[in-house]
2 protein chains.
Amino acid sequence: MSLGKNTDGGAGRPAPGRVEDVRRGNLVRILASLAEPRTDPDVRPTRADLASRTGLTKASVSSLVAELVDAGLVAESGAARDGERGRPGVGLELSTCRGVVGMEINVDYISAGLLDLGGTLRIHRTLESGNRGKSPQSVMALLAGLVADVAAEASAAGIEILGGGLAVPGLVDTGSGTVSSAPNLKWHGVVLELHGLLPGAPQGTLLHNEANCAALAELWYGHGVDFQDYLFVSGEVGVGGGLVIGSRLFAGPRGQAGEVGHVVVDPSGPDCSCGGRGCLETFAGQEAIFAEAGIPDGTASARLEQLTALLEAGNAAAISAVSRAGHYLGIAAASTARLMDLSAVVLGGHFTRMGPWIAPAVVRSLADYAPGVVGPASVAISELGQSAALLGAAGSALRSVLAAPQGLRPGP
Amino acid sequence: MSLGKNTDGGAGRPAPGRVEDVRRGNLVRILASLAEPRTDPDVRPTRADLASRTGLTKASVSSLVAELVDAGLVAESGAARDGERGRPGVGLELSTCRGVVGMEINVDYISAGLLDLGGTLRIHRTLESGNRGKSPQSVMALLAGLVADVAAEASAAGIEILGGGLAVPGLVDTGSGTVSSAPNLKWHGVVLELHGLLPGAPQGTLLHNEANCAALAELWYGHGVDFQDYLFVSGEVGVGGGLVIGSRLFAGPRGQAGEVGHVVVDPSGPDCSCGGRGCLETFAGQEAIFAEAGIPDGTASARLEQLTALLEAGNAAAISAVSRAGHYLGIAAASTARLMDLSAVVLGGHFTRMGPWIAPAVVRSLADYAPGVVGPASVAISELGQSAALLGAAGSALRSVLAAPQGLRPGP
DNA sequence: TGCATATAGTTCAGATTGAAAACTAATTGA
DNA sequence: TCAATTAGTTTTCAATCTGAACTATATGCA
């Protein structure tokens with residue numbers, strides 16, 4: 001799965017044109033089935049399980065699995081004992097000797113991590129770095145170093161890297177690897193040199209929007225078990241967002257959907273940095289909340305600590321500031337829910353720190369402005385920490401590998 | 001293509017891949033290729049043309065076309081002369097002896113029409129009928145009569161009916177044929193008896209939302225040539241909407257997306273009939289515009305005539321009322337464009353009558369609230385008349401037949 | 001008129017693929 | 001020890017597309 005522009009929307013027609021295409025489709029089905037979360041992580045599916053799940057015959061599954069094992073994407077993992085009668089099956093799993101790299105460039109730090117095909121985060125490195133206004137070249141050099149460390153460690157662990165994904169806080173064009181606009185980094189129209197990050201990885205590195213990645217991480221590793229359709233709102237310096245519809249990211253025709261921070265919540269509101277007026281970001285962005293709460297200038301993380309402390313101490317100004325942000329957030333969410341037929345909202349980024357104070361305001365506002373559409377139980381706080389975007393970027397690369405297993409030669 | 005809920009987004013995991021599926025996919029490709037608009041309507045594609053368009057071999061195309069001709073979906077239409085050397089090919093077209101029925105129930109009228117597979121509207125009947133508050137049974141009985149007339153005429157013309165679509169102004173559940181909520185008809189939770197409308201039609205009748213149908217009609221028969229992604233806003237008694245992304249309808253996870261009439265455009269605005277507050281509909285619905293323009297009570301169409309007359313006479317109150325509606329419409333469109341990465345807006349329904357007065361206000365508002373996102377050239381007025389919803393409902397049924405040609409026995 | 005050339009469409013052998021059924025393998029339980 | 005049961009493999013077969021050879025029908029020039 002790519003995070004790129006989505007244009008198909010539904011009954012797309014990946015219809016096979018040739019007999020050989022059927023096989024690729026079925027290989028992907030097997031991989032998808034193996035990637036599904038297991039109720040008991042110790043019990044792995046057998047060929048017979050896969051046959052009944054996919055509807056293919058045992059004979060076909062045997063042949064398909066043999067090909068995937070040869071390609072190094074799938075591994076047998078000993079007998080899958082079931083205590084029942086009959087010959088025990090052989091457990092199968094996605095290879096833990098292949099993986100993808102997730103990367104993130106944010107305002108205050110960069111990070112990189114390795115996810116194996118089974119979906120386990122095997123390595124995770126973060127480096128504090130004030131990237132605001134720093135040149136893209138220097139930040140990319142730092143990142144390349146961090147990734148090289150991760151790659152070396154992966155190599156030592158016998159894991160081959162197949163591809164990667166990089167999340168940045170801004171509008172991106174995935175196809176060309178361009179950051180069109182990242183106001184918080186002060187990058188505009190920057191073409192990133194993604195090619196050198198993962199030398200030798202057959203699938204290369206794709207560039208993604210940070211909020212979209214976090215929304216996907218939420219889907220795969222967070223509240224995705226509860227909701228198939230939701231608006232993810234990421235509080236960072238600005239307010240980012242991601243739309244998940246039918247357990248898939250809705251990226252829009254040019255890959256720039258989800259900009260909930262620039263939904264107009266009050267037409268007579270203050271001017272916004274985007275050139276518009278009354279955008280959600282002018283009410284729920286960090287600057288707006290800190291100013292309203294009376295928190296003096298400083299680094300973002302220090303100010304956030306102060307805000308949290310004030311909230312916990314029951315400070316009225318802080319609570320009012322956060323409630324106000326929640327109120328407007330609820331308005332934007334109400335509009336989004338009506339427009340896109342969504343039924344849940346997940347709050348992420350710095351909003352997680354304000355969870356107990358902001359969520360009730362969001363719920364109230366939703367009840368006022370879109371009664372009956374998003375109930376209180378459908379406003380959730382993300383439980384993924386700072387690694388959300390990295391997980392999403394890596395997960396996206398992982399699904400991309402599993403959805404297009406062609407061109408992979410046999411490996412370890 | 002169905003207008004139902006869209007949830008998969010593309011890489012869905014339908015039925016296991018069998019060798020036979022390849023053929024169905026290729027049959028659909030041939031049909032889709034034949035359904036594409038032709039530059040010169042008199043020049044029909046030949047088998048050789050189809051082979052080069054689809055990438056299939058001539059041999060495969062011959063076999064596939066033979067099957068479609070046997071099924072009565074495709075017809076040969078004489079020699080396709082090209083004046084060039086070589087054996088002339090045989091022109092192919094979608095059969096004009098098969099068709100689908102489009103139907104609409106609206107506040108003031110009902111209508112039904114027949115679209116042949118080639119996309120030509122062959123029959124079109126409208127019946128004035130004040131349906132507001134009338135019982136669903138009696139309206140459906142009227143419609144059934146109108147449809148029977150259309151079916152009789154179709155039969156006389158030798159056209160076999162394969163399926164149909166019914167558009168109603170309200171939230172619907174396509175799967176169960178339920179009108180969940182149609183405030184302007186005063187219908188709520190009504191299950192329509194769709195089965196009896198088209199006896200013998202193999203694909204049956206599907207229920208759709210009127211604004212979504214109009215948005216699709218715009219795509220297939222209107223501004224779809226200019227825009228692949230747009231917000232369609234339909235002014236009726238309320239304000240409906242449809243979202244087209246990548247030349248496909250975005251219907252949302254439960255088929256209820258596009259409710260732009262209930263986007264919040266002013267959090268301190270008036271209460272809305274939906275239970276919310278400050279919705280676009282409270283500023284741009286018919287009642288709001290008529291009240292603001294000082295037009296006395298009366299039938300909707302009479303009041304609309306008065307408004308148009310006042311606008312044409314340069315009446316300040318009328319112009320101001322319409323500008324105000326356009327202002328708020330632009331705000332909702334700005335939010336939608338940012339959220340969903342859209343780049344165009346098409347105005348339909350009664351807004352078409354106000355076109356010259358409302359469009360500039362929408363453009364101004366978009367420039368104020370989402371600068372650089374939707375330019376003046378991307379705000380368009382629909383040129384389809386009252387038949388838009390009917391065309392969309394029929395077109396949807398047509399595409400549904402072409403996308404799932406299985407189960408059709410040979411015909412005339 | 002006749003023949004070279006060009007294009008359309010058909011026929012047939014060959015390759016790929018999954019389904020179905022028969023078969024082999026490994027385990028439980030009486 | 002052996003019947004019952006479940007896992008996985010082998011074999012045969014039908015569906016489908018490709019590619020190449022072939023037939024059909026036109027133009028254009030001598």
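Numbered from 1 within each chain, the chains take letters A, B, ... in sequence-line order. Keep in mind that what you see is a predicted model, and the values were worked out from it rather than measured.
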Residues forming a side-chain hydrogen bond (donor to acceptor under 3.5 Å, both in side chains) with B:S63, sequence neighbours excluded: B:R23
Please tell me if B:S60 has a side-chain N or O lying less than 4.0 Å from either OP1 or OP2 of D:dT18. yes
Separation of D:dA15 P from B:R18 CZ (nearest whole Å): 13 Å
How many Å lie between CG on B:L92 and C1' on C:dA8, as a whole number? 11 Å
Hits for side-chain hydrogen bond (donor to acceptor under 3.5 Å, both in side chains) against A:R38, two or more places apart or cross-chain, chain-then-number order -> none
Which residue pairs pass the salt bridge (charged side-chain N to carboxylate O under 4.0 Å, His left out) test when at least one of the two sits in residues 215-225 of chain B, sequence neighbours left out? none
For B:S247 and B:L219, the nearest pair of non-hydrogen atoms, with its separation, is O-CD2, 3.3 Å
Using OP1 and OP2 only, check whether a side-chain N or O of A:N26 sits under 4.0 Å from C:dG18. yes
Is any side-chain nitrogen or oxygen of A:R23 closer than 4.0 Å to OP1 or OP2 of C:dG18? yes
Using whole Å, report how far CZ of B:R44 lies from C1' of C:dA8. 18 Å
Can you measure A:L64 atom CG to C:dT16 atom P for me and round it to whole angstrom units? 15 Å
Listed pairs, N/O of protein and of nucleotides 28-30 of chain D, under 3.5 Å:
from	atom 1	to	atom 2	distance (Å)
D:dG28	O4'	B:R85	NH2	3.3

Go through it in stages, so that I can follow the logic: the residues are A:D229 and A:V244, the test is side-chain contact (heavy atoms from CB on, under 4.5 Å), and I'd like the CA-CA distance, side-chain angles, deciding distance and then a yes or no. CA-CA 5 Å; A:D229 314 286; A:V244 172; over 6 Å; no
Report the C-alpha separation of A:R44 and A:L92 in whole Å, then their side-chain angles, then the decisive distance to 0.1 Å, and conclude whether the side-chain contact (heavy atoms from CB on, under 4.5 Å) test is met. CA-CA 6 Å; A:R44 294 176 238 282; A:L92 298 169; 5.8 Å; no
Please list, for nucleotides 9-12 of chain C, all pairs of protein and nucleotide N/O atoms separated by less than 3.5 Å.
from	atom 1	to	atom 2	distance (Å)
C:dG9	OP1	B:V90	N	2.5
C:dG9	OP2	B:R47	N	3.1
C:dG9	OP2	B:A48	N	3.0
C:dG9	N7	B:K58	NZ	2.7
C:dG9	O6	B:K58	NZ	3.0
C:dT10	OP2	B:S62	OG	2.0

Verdict with supporting geometry, A:E67 and A:R24, salt bridge (Lys or Arg N to Asp or Glu O under 4.0 Å): CA-CA 11 Å; A:E67 186 169 339; A:R24 192 167 50 186; over 6 Å; no
Could you tell me the separation between the OG atom of A:S62 and the CZ atom of A:R47, rounded to the nearest 0.5 Å? 5.5 Å
Nucleotide D:dC17, atom P - distance to CD of B:E20 in whole Å: 11 Å
Which side-chain N or O atoms in residues 49-57 of chain B pair as donor and acceptor under 3.5 Å with protein atoms at least two apart or in another chain?
from	atom 1	to	atom 2	distance (Å)
B:D49	OD2	B:T46	N	2.9
B:D49	OD2	B:T46	OG1	3.3
B:S52	OG	B:D49	O	3.1
B:R53	NH1	B:S33	O	2.9
B:R53	NH1	B:S33	OG	3.0
B:T54	OG1	B:L50	O	2.8
B:T54	OG1	B:L56	N	3.3
B:T57	OG1	B:S60	N	3.2
B:T57	OG1	B:S60	OG	3.0

Distance check needed: C:dG18 P versus A:R24 CZ, whole Å only. 13 Å
